There are 2 protein chains.
Amino acid sequence: MLLSEHQLFQEFGVSRLTVVAALRVLREQGWIESQQGKGRFVRGRPAMASVESNRTGQAYLTSPETDSPGELVEAGAMALPNRVAALLDAQLKSKAFLRRRLVTREGEPSELVSLWLPLELSEGTDLTSGEALPQGIRQHLQSRKGVRFDHIVEQITARMPTAQEVKQLGMPKNVPLLAVFGAVRDASSRPLVVVEVLLPADRHELEDAYPVA
Amino acid sequence: MLLSEHQLFQEFGVSRLTVVAALRVLREQGWIESQQGKGRFVRGRPAMASVESNRTGQAYLTSPETDSPGELVEAGAMALPNRVAALLDAQLKSKAFLRRRLVTREGEPSELVSLWLPLELSEGTDLTSGEALPQGIRQHLQSRKGVRFDHIVEQITARMPTAQEVKQLGMPKNVPLLAVFGAVRDASSRPLVVVEVLLPADRHELEDAYPVA
DNA sequence: CCCGACAGGTTGTTTTACCAAGTTTGAGAG
DNA sequence: CTCTCAAACTTGGTAAAACAACCTGTCGGG
């Protein structure tokens, strides 16, 4: 149990409102809980703090490409796969700019990361060049094109790899792939970019932590 | 741009602090943003509100079993698989209570949901009976055993199904399984329960939405 | 012995007042 | 015409005070 509001604002020489405002922050972050008439109690959440929340789609958009070694395997305008066209609200069989990188970890091919951009969003950016971006993709697009990332709709599926994917990723052909699609949207729900991450299931798994509602 | 604080508290006949408190809630929920000296501006997030956040582990713990038709295929003390033992901080090859249900949708087998409980947590609960629970699992355990769910660590993997799983789920044997492990913990990080959900990848995918940090 | 009223604690919420800090605008000096 | 600067707006934050709702123990009376 915590000290009462009265004790706290006397001890720290501030007003009651200030104490309440501070305790409200703690409550909203989940550290304490309060019961009217009884008091405030430490709930304790060093737990969630030690397990980082780790959303796959997010990571590839914020960290610079130069941080993870890899090789650009494709960059240019391509016809959209159906699923990506749906996520981008685009016509079936229409074209968009594709940038695909094979990321390597410890010298071995590890995952295949693809970025689809509508053509008008790719113009005037460094994404069309063959170089690795020294800046995060999110940072780059927000400053160059004036768009604002707001939220991500993430879909996770599993499927068997194609022959080409087996070759590129150097994986056994009877092992499934984890496929993560992240559709980035702005605040008015307009799709901006789609990221697809292909992970061989024998070498990767996804982990995330979240509070119970 | 919104009306200024001055205009708002005059119009609604409340104090300025009340207006500010209300606007703070809107800001924390992402609807508006405020700039000191300029004003408050609608940011607009009907988007995130329309896409429900949908965590797989969560769903199976809160909704009652009687809501989803299915059949109990296993209930009793079992030796723990290695991965589950690790998630429960238990000794390898130790035993725990297993409750496994085959959930059916539209008359067809759809997913396999397994619940592992340490033996001391299963005592005195209705989970050991063969009946479907009319209450959510979370509700049941919190009231019967006095434990409090705090957060979930979720791992997502893909693998090929075993022969038994192919038979139980009535799925093709060359289609991978999406496996979701949810380790439920209390506020001090002590593991309470592990849920495993097995989803045939040709019929299921996971979808979730989250704000860009 | 039991039970209800009451007092004194707690948090929840609002009001009024004041000052600080950032932005914009326009009047006046040059 | 241009520049400077002050005034008037905005949000951000604190102080002191009051009342409401809730919990818990104590002190009675039955």
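Predicted model, so just to flag it, every value in this text is computed and none were measured. Throughout, a chain's letter reflects where its sequence line sits, starting with A, and its residues are numbered from 1.
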B/Thr157 and B/Arg83: side chain donor to acceptor below 3.5 Å: no
Nearest atoms (heavy-atom pairs only) where B/Ala96 meets B/Leu80: CB-CD2, 3.6 Å
Any A/Ser34 side-chain N or O less than 4.0 Å from OP1/OP2 of C/dG12: yes
Phosphate OP1/OP2 of D/dA15: any A/Thr18 side-chain N/O under 4.0 Å: yes
Between C1' of C/dT15 and CZ of B/Phe9, the distance in whole Å: 11 Å
Any B/Ser4 side-chain nitrogen or oxygen under 4.0 Å from OP1 or OP2 of D/dT10: yes
Tabulate protein N/O versus nucleotide N/O from nucleotides 21-23 of chain D, keeping only pairs under 3.5 Å, one per line.
from   : atom 1 : to      : atom 2 : distance (Å)
D/dA21 : N3     : A/Gln36 : NE2    : 3.0

Sugar-phosphate only, base, or nothing, as touched by B/Arg24 at under 4.0 Å among non-hydrogen atoms: nothing
Nearest to side-chain heavy atoms of A/Val14, which nucleotide of D/dG12, D/dA15, D/dT10: D/dA15
Sugar-phosphate, base or nothing in reach of B/Val20, heavy atoms under 4.0 Å: nothing
Partners passing salt bridge (Lys or Arg N to Asp or Glu O under 4.0 Å) against B/Glu154 (at least two apart in sequence or in another chain): none
Interatomic distance, B/Arg40 CZ vs C/dT23 P [rounded to whole Å]: 15 Å
Residue that, paired with B/Ile32, satisfies side-chain contact (heavy atoms from CB on, under 4.5 Å) out of B/Arg40, B/Arg24, B/Met1: B/Arg40
Distance, rounded to the nearest Å, where A/Leu2 contributes CG and C/dG9 contributes C1': 16 Å
Over all atoms of both residues, closest heavy-atom pair of B/Gly182 and B/Ile152: CA-CG2, 4.0 Å
Distance in angstrom units between B/Glu33 CD and D/dG12 P, rounded: 11 Å
Rounded distance in Å - CD (A/Glu28) to C1' (C/dG12): 14 Å
Donor-acceptor pair between B/Arg99 and B/Ser122 side chains, under 3.5 angstrom: no
Under-4.0 Å salt bridge between A/Glu111 and A/Arg105: yes
Rounded distance (Å) that lies between atom P of C/dG9 and atom CD of A/Gln10: 12 Å
Atom-to-atom span, CG of B/Leu17 to C1' of D/dA16 - whole angstrom: 12 Å
Whole-Å distance separating the CZ atom of B/Arg16 from the P atom of D/dT10: 10 Å
